[in-house]
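Only this structure's heavy atoms are used, side chains among them; waters, hydrogens and symmetry mates stay out. Note that the numbering runs from 1 along the sequence shown for the chain.
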Amino acid sequence: MPNYKETPSEAPPLGGWGAKQYPLAYNAIKKATEANGFTMPSEVLTCSLLKTLAATKPGGKFLELGTGTGLATTWILDGMDEDATLISIDNDETFLNIAKENLGVDKRLRLVCTDGGEWIKKNEGQKFSFIFADTWPGKYLLLDEVLDMVEKGGIYIIDDMLPQQNWPTGHAEKATQLIADLDSRDDIILTKMGWATGIVIITKK
């Protein structure tokens with residue numbers, strides 16, 4: 001298993017959040033997510049951290065691999081300034097349409113329905129200030145290629161690195177190997193966090 005301590009994440013710490021701290025589109029996307037049976041959204045603890053980290057990159061270029069229904073997307077957008085841009089990619093048009101319906105008016109956002117692996121290969125050489133890899137391409141697949149896309153001083157984030165109930169047989173070994181691969185690199189600085197579902201934050205040297 002990944003070598004950091006698991007901590008409870010069911011309840012928000014420090015008394016939780018007030019309604020004003022949630023993005024405007026959050027409730028609508030959450031309802032649509034539940035209605036459409038999407039069972040793998042990023043939880044609020046993860047999303048809050050993404051918003052905070054996004055705010056550290058004014059005018060930055062952002063990339064999200066794995067839009068889902070756009071729950072995490074709306075938090076990232078909420079942390080970005082007016083000059084920043086976000087490309088968010090998913091291969092499921094049904095779920096991506098939920099994000100389009102609720103976030104499509106935001107001119108900073110470009111939603112792309114395509115295979116993540118193919119997009120990564122076609123866009124080799126692009127540089128981003130912030131990458132949230134929430135799907136297999138860019139995390140368990142094509143990791144080197146995506147880390148090459150992180151600019152110097154840029155941030156790369158992954159979640160679900162602590163054991164999850166929905167992990168299939170053998171996935172724990174993949175997570176352990178991913179952590180080992182990241183630990184072996186000398187071009188990054190990383191922190192493993194027992195926060196939410198298990199977060200790893202990387203900064204590119």
Side-chain angles (χ1 to χ4, degrees), residues 22-55 57 60-143 145-147 149-150 154-161 164 166-168 171 196-197 199:
Y22 284 79
L24 291 176
Y26 177 82
N27 285 333
I29 295 176
K30 187 173 184 291
K31 289 178 182 178
T33 297
E34 294 168 351
N36 282 269
F38 184 68
T39 59
M40 296 181 291
S42 296
E43 62 174 69
V44 171
L45 291 174
T46 299
C47 292
S48 174
L49 180 60
L50 292 172
K51 175 181 175 179
T52 301
L53 293 173
K57 299 296 179 184
K61 289 181 61 180
F62 290 68
L63 174 65
E64 180 183 31
L65 297 168
T67 315
T69 57
L71 273 176
T73 315
T74 191
W75 286 82
I76 295 171
L77 287 167
D78 218 37
M80 290 165 46
D81 71 1
E82 294 181 358
D83 297 320
T85 59
L86 170 62
I87 298 172
S88 188
I89 296 164
D90 204 284
N91 64 357
D92 191 310
E93 189 170 6
T94 299
F95 295 137
L96 194 66
N97 280 338
I98 295 173
K100 287 180 179 178
E101 290 168 6
N102 290 278
L103 301 173
V105 296
D106 195 319
K107 295 181 179 180
R108 300 171 299 167
L109 173 65
R110 181 157 69 94
L111 294 166
V112 181
C113 186
T114 190
D115 177 78
E118 292 181 4
W119 188 92
I120 291 165
K121 292 174 183 176
K122 289 179 180 178
N123 288 273
E124 182 180 1
Q126 285 205 50
K127 294 292 183 181
F128 294 90
S129 315
F130 176 114
I131 297 177
F132 176 44
D134 196 27
T135 189
W136 277 66
K139 184 176 180 181
Y140 293 106
L141 302 172
L142 300 171
L143 175 65
E145 288 83 350
V146 169
L147 287 177
M149 289 180 165
V150 182
I155 299 173
Y156 168 92
I157 310 107
I158 51 176
D159 65 351
D160 298 333
M161 297 310 298
Q164 306 296 309
N166 62 353
W167 277 5
H171 189 79
T197 58
I199 306 287

Check your understanding: Would a 4.5 Å heavy-atom cut-off, applied to side chains only, mark Trp119 and Leu142 as touching?
Key -> no
Practice item. Without swapping roles, check the side chain of Asp160 against the backbone of Thr197 for a donor-acceptor pair under 3.5 Å. Key: no
Review point. Are Asn27 and Tyr22 close enough that some pair of their side-chain heavy atoms sits under 4.5 Å apart?
Key: no
Practice item. Write down the atom of Asp92, the atom of Phe95, and the distance for their closest heavy-atom approach. Key: OD1-N, 3.2 Å
Practice item. Would you confirm whether Asp115, through its side chain, and Glu118, through its main-chain N or O, come within 3.5 Å as a donor-acceptor pair? Key: yes
**Study point:** Heavy-atom pair of closest approach, residues Ala72 and Phe132
**Key:** CB-CE2, 3.9 Å
Revision key, fill the gap. Between the CD atom in Glu64 and the CD1 atom in Ile87, the distance rounded to the nearest 0.5 Å is 11.5 Å
Review point. Taking atom CG of Asp83 and atom NZ of Lys57, what is their separation to the nearest 0.5 Å?
Key: 15.5 Å
Point to revise | Whether Tyr140 and His171 hold their rings parallel, tilted or perpendicular, with breakpoints at 30° and 60° | key: perpendicular
Check your understanding: Is the backbone N or O of Glu93 less than 3.5 Å from a side-chain atom of Asn97, with the two atoms forming a donor-acceptor pair by type?
Key -> yes
Exercise for review: Look up atom CG in Asp90 and atom OG1 in Thr135, then write down how far apart they are to the nearest 0.5 Å.
Suggested key: 7.0 Å
Exercise for review: Check each of Thr73, Leu50, Asp159 against Asp134 using the side chain to side chain contact (heavy atoms under 4.5 Å, CB included) test, and report the only one that passes.
Suggested key: Asp159
Review point. Is a donor on one side and an acceptor on the other found under 3.5 Å between the side chain of Ser129 and the backbone of Gly154?
Key: no
Check your understanding: Taking all atoms of both residues into account, what is the closest heavy-atom pair of Cys113 and Leu96, and its distance?
Key -> CB-CD2, 3.5 Å
Check your understanding: Under 3.5 Å, is there a donor-acceptor pair between the side chain of Thr52 and the main chain of Ser48?
Key -> yes
Check your understanding: Would you find more than 12 non-hydrogen atoms of other residues, nucleotides or ligands less than 6.0 Å from Lys61 atom NZ?
Key -> yes
Review point. Between Leu103 and Gly70, what is the shortest heavy-atom contact and its length?
Key: CD1-O, 3.8 Å
Practice item. In sequence, state the C-alpha distance, the side-chain angles, and the governing distance for Leu63 and Ile89, and then conclude on side-chain contact (heavy atoms from CB on, under 4.5 Å). Key: CA-CA 8 Å; Leu63 174 65; Ile89 296 164; 3.9 Å; yes
Review point. Do the side chain of Thr33 and the main chain of Ile29 share a donor and acceptor less than 3.5 angstrom apart?
Key: yes
Practice item. Give the minimum heavy-atom separation between Thr67 and Ala99, together with the two atoms involved. Key: CG2-CB, 4.0 Å
Review point. Got a second to check how far Leu49's CG is from Trp75's CH2, nearest 0.5 Å?
Key: 11.0 Å
Review point. Say you draw a straight line from OG1 of Thr74 to CG of Asn102; how long is it, rounded to the nearest 0.5 Å?
Key: 8.0 Å
**Study point:** Within-4.5 Å side-chain heavy-atom neighbours: Leu65 and Pro137
**Key:** no
Check your understanding: Above 12 or not: heavy atoms from other molecules or residues under 6.0 Å from CG of Leu24?
Key -> no
Review point. Around atom NZ of Lys31, are there more than 12 heavy atoms of other residues, nucleotides or ligands at under 6.0 Å?
Key: no
Point to revise | Beyond-backbone contact of Leu77 with Arg108, side-chain heavy atoms, under 4.5 angstrom | key: yes
Point to revise | Value rounded to 0.5 Å, distance of CD1 in Ile157 from CD1 in Ile131 | key: 8.5 Å
Check your understanding: Can you name the closest pair of heavy atoms from Gly138 and Leu143 and give their distance?
Key -> O-CD1, 3.9 Å
Practice item. Walk me through it: do Phe130 and Ile76 pass the test side-chain contact (heavy atoms from CB on, under 4.5 Å)? Key: CA-CA 10 Å; Phe130 176 114; Ile76 295 171; 4.1 Å; yes
Practice item. Kindly indicate whether the side chain of Glu145, heavy atoms from C-beta on, has any atom under 4.5 Å from the side chain of Met149. Key: no
